[in-house]
Amino acid sequence: MMKRLVCLLIFLFTSSFAFADDRPNFVIIMVDDMGYAGISCFGNPYFQTPEIDRLAAEGMRLTDFHSSGTVCSPTRAGLLTGRYQQRAGIEAVIHPVRSHPEHRKGLQTSEVTFAEMLQSQGYATALIGKWHQGYVHNSDDFHPQNHGFDQFIGYHSGNIDFVSHVGDHNEHDWWHGREETKEEGYVTDLINAYAVDFIQRSRDQPFCLYIPHLAIHNPVQTPGDPPRRTEDGGWNRWKPADHDERIEKYRGMTLPIDQGVGQIRKKLTELGLDRKTLVLFFSDNGAANDFPSGSPGLRGNKGSVYEGGHKVPFIAWWPGRIAAGSKSDVPAITLDVMPTLLSLAGVQLPADRRLDGVDLSPLLLRRQTLESRPLYWASLSNNGGRSEAMRDGPWKLVVQHPRAAKGSFESERLELYRLDQDPSESNNLAGQHRAQAAQMLSRLKDWYADTQRTATPQFGGWRR
């Protein structure tokens with residue numbers, strides 16, 4: 001009730017710009033487990049991604065963009081709310097195994113998403129793809145349609161079989177709204193088709209379309225491959241015969257995403273919506289081990305607080321508004337998406353609802369720089385292991401906790417890097433710059449404590 005009242009007040013007091021005919025549309029495309037060099041315009045040496053490259057050629061690349069988490073669920077919580085996911089109580093993967101400490105968590109209805117804010121201003125909203133913000137068998141509060149999405153087509157779990165649509169919790173997991181739907185089709189193709197259909201149906205009003213792709217997350221399946229996961233618990237994990245086969249599967253899972261990007265661009269252009277639509281493309285975390293989508297110059301992969309775990313490709317496309325072929329090395333993070341969308345739509349949050357992200361529109365539209373700010377990461381693995389990091393200008397502090405009790409912050413081991421001189425994080429300077437490491441550690445701890453003071457309560461967790 002309180003949440004609805006807040007949205008109503010925002011509706012009544014928002015500036016008149018938010019209701020003008022020129023309000024922009026938004027398409028947010030987030031791919032899964034694609035590292036920094038997953039597409040050719042960011043350095044993929046194995047194959048070309050022509051449609052995504054065209055998006056970049058006609059728009060802007062951010063070359064120092066980061067996910068707020070190093071794995072699926074946390075990044076999604078941060079993206080949706082514009083706040084560090086620690087404030088929502090989602091620090092780890094919402095695990096498929098029901099006995100796991102993180103299984104019962106989810107995005108609580110007390111959180112405010114960009115979809116809710118835009119929906120309150122008359123935007124048509126849709127989520128087509130991966131949710132991974134809580135299982136509805138634990139609470140209906142976790143359903144995406146309780147978080148501002150008019151339409152939901154996709155799945156709740158962390159990943160599903162591309163063919164059988166069985167999730168990693170060994171249950172069929174493909175839905176149209178609240179109705180479980182037995183539907184044939186390769187998941188990426190389905191997501192692409194429903195995305196284009198939503199744009200077609202919403203062409204006469206402002207819309208916000210969130211497309212969190214399943215690919216290139218496992219199961220490793222290309223169009224025409226057989227199912228690998230069944231509801232009886234069967235899991236036939238793919239094993240590559242050689243490097244060439246691995247690359248062919250990598251290509252086969254990436255190009256359907258590329259084709260979908262092209263279909264979306266063509267539909268927007270066909271409907272005359274291209275010049276009033278902002279399209280964003282990025283990944284939820286760094287490269288998984290299945291495919292070599294990460295940059296060889298970055299340390300770490302998915303799950304790591306080193307750069308390879310959270311530095312990801314980012315493209316913004318808006319013909320006539322974003323300069324074609326532009327790029328920027330200004331640091332940015334997925335938390336910035338929500339304040340950017342709200343700013344462009346003329347939507348104001350309540351004064352007491354502070355976001356951690358910042359508005360990127362001055363950078364995207366006018367190529368202005370952003371005020372320098374620290375960035376933070378805190379990762380919690382499926383096994384309860386923790387690691388943290390802080391970025392402040394060229395300095396990067398990494399904190400590991402070897403042999404610590406599960407879920408604890410015991411046994412601190414500090415590492416300090418100068419990213420401008422050492423982007424591969426290979427030369428630990430903590431011993432040479434003890435004062436720098438100490439003050440960054442103090443700020444990192446203060447940041448984490450701040451997120452916990454009013455963190456949303458959750459069920460379960462490693463720390464009870």
Side-chain angles (χ1 to χ4, degrees), residues 25-32 72-73 76 79-80 94 96 106-107 113-116 118-119 123-137 140-169 171-217 219 221 223 227 229 231 253 256-257 259-265 267-268 271 273 277 279-281 284:
N25 306 309
F26 304 115
V27 179
I28 302 105
I29 305 170
M30 183 166 68
V31 293
D32 203 325
C72 304
S73 302
R76 284 162 169 73
L79 171 70
L80 288 163
I94 298 175
L107 194 67
T113 70
F114 65 75
E116 287 174 282
L118 293 171
Q119 184 187 58
Y123 272 72
T125 58
L127 187 163
I128 300 173
K130 173 175 175 173
W131 175 235
H132 208 188
Q133 291 295 283
Y135 291 94
V136 290
H137 61 239
D140 186 66
D141 286 351
F142 301 155
H143 196 283
Q145 289 181 301
N146 288 328
H147 294 277
F149 294 101
D150 299 319
Q151 182 178 9
F152 166 57
I153 299 175
Y155 61 104
H156 295 278
S157 59
N159 66 81
I160 62 173
D161 189 288
F162 281 78
V163 181
S164 70
H165 308 165
V166 173
D168 52 2
H169 55 329
E171 298 177 22
H172 181 266
D173 193 12
W174 186 255
W175 303 76
H176 283 234
R178 299 177 186 276
E179 182 178 349
E180 184 182 4
T181 306
K182 300 288 186 179
E183 182 173 16
E184 293 186 0
Y186 184 73
V187 166
T188 307
D189 293 340
L190 291 173
I191 291 172
N192 291 339
Y194 283 118
V196 170
D197 178 68
F198 175 80
I199 292 171
Q200 176 71 37
R201 289 185 293 102
S202 305
R203 63 190 181 277
D204 294 327
Q205 68 180 111
F207 62 80
C208 177
L209 172 58
Y210 172 39
I211 309 171
H213 271 286
L214 168 58
I216 55 176
H217 198 296
Q221 293 168 297
R229 185 182 284 127
E231 291 182 79
M253 293 185 72
I257 299 173
Q259 292 160 8
V261 168
Q263 292 164 13
I264 289 168
R265 180 188 55 77
K267 177 55 67 173
L268 291 170
L271 296 174
L273 298 175
T277 303
V279 178
L280 303 179
F281 178 96
D284 68 338

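All values below come from the heavy atoms of this structure, side chains included, with hydrogens, waters and symmetry mates left out.
Between Y155 and H169, the ring centre distance reaches or exceeds 6.0 Å.
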inquiry  = Determine whether H176 and E183 satisfy the following criterion, side chain to side chain donor-acceptor pair (under 3.5 Å), listing intermediate values before the conclusion.
reply    = CA-CA 10 Å; H176 283 234; E183 182 173 16; 2.9 Å; yes

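Checked by atom type and distance alone, the side chain of T113 never pairs as donor or acceptor with a backbone atom of L80 at under 3.5 Å. A donor-acceptor contact shorter than 3.5 Å is absent between the side chain of H217 and the backbone of V31.
For F142, the side chain to side chain contact (heavy atoms under 4.5 Å, CB included) partners two or more places apart in sequence, or in a different chain, are Q108, N138, S139. Q221 pairs by the side-chain hydrogen bond (donor to acceptor under 3.5 Å, both in side chains) definition with D161, not counting sequence neighbours. Scanning for salt bridge (charged side-chain N to carboxylate O under 4.0 Å, His left out) contacts around R201 gives D197, with sequence neighbours left out. Under the side-chain hydrogen bond (donor to acceptor under 3.5 Å, both in side chains) criterion, N25 pairs with T277, sequence neighbours left out. Considering only residues two or more places apart in sequence or on other chains, D150 meets the side chain to side chain contact (heavy atoms under 4.5 Å, CB included) condition with Q119, A124, T125. Every side chain to side chain contact (heavy atoms under 4.5 Å, CB included) that V187 has, sequence neighbours left out, goes to I160, F162, H165, W174, I191, L214. Scanning for side-chain hydrogen bond (donor to acceptor under 3.5 Å, both in side chains) contacts around Q200 gives K267, with sequence neighbours left out. By the side chain to side chain contact (heavy atoms under 4.5 Å, CB included) test, P144 is found to be paired with L127, W131, F149, F152, H156, residues two or more places apart in sequence or in another chain being considered. Partners of E180 under the salt bridge (charged side-chain N to carboxylate O under 4.0 Å, His left out) rule, at least two apart in sequence or in another chain, do not exist in this structure. For R76, the salt bridge (charged side-chain N to carboxylate O under 4.0 Å, His left out) partners at least two apart in sequence or on another chain are D32, D284. With sequence neighbours left out, the salt bridge (charged side-chain N to carboxylate O under 4.0 Å, His left out) criterion links D140 to R178. Partners of S202 by side-chain hydrogen bond (donor to acceptor under 3.5 Å, both in side chains), not counting sequence neighbours: none found.
Here the side chains of L118 and F207 are not in contact, with every heavy-atom distance at 4.5 Å or above.
Looking at every heavy atom in both residues, R229 comes nearest to P219 through NH1-CG, 3.8 Å. Across every non-hydrogen atom of K130 and G158, the tightest pair is NZ-O, 2.6 Å. The heavy-atom pair separating I264 from A195 by the smallest distance is CD1-CB, 4.3 Å. Closest approach of T188 to I257, counting heavy atoms only: CG2-N, 3.8 Å. Contact detail for N192 and Q263: the closest heavy-atom pair is CB-OE1, 3.5 Å.
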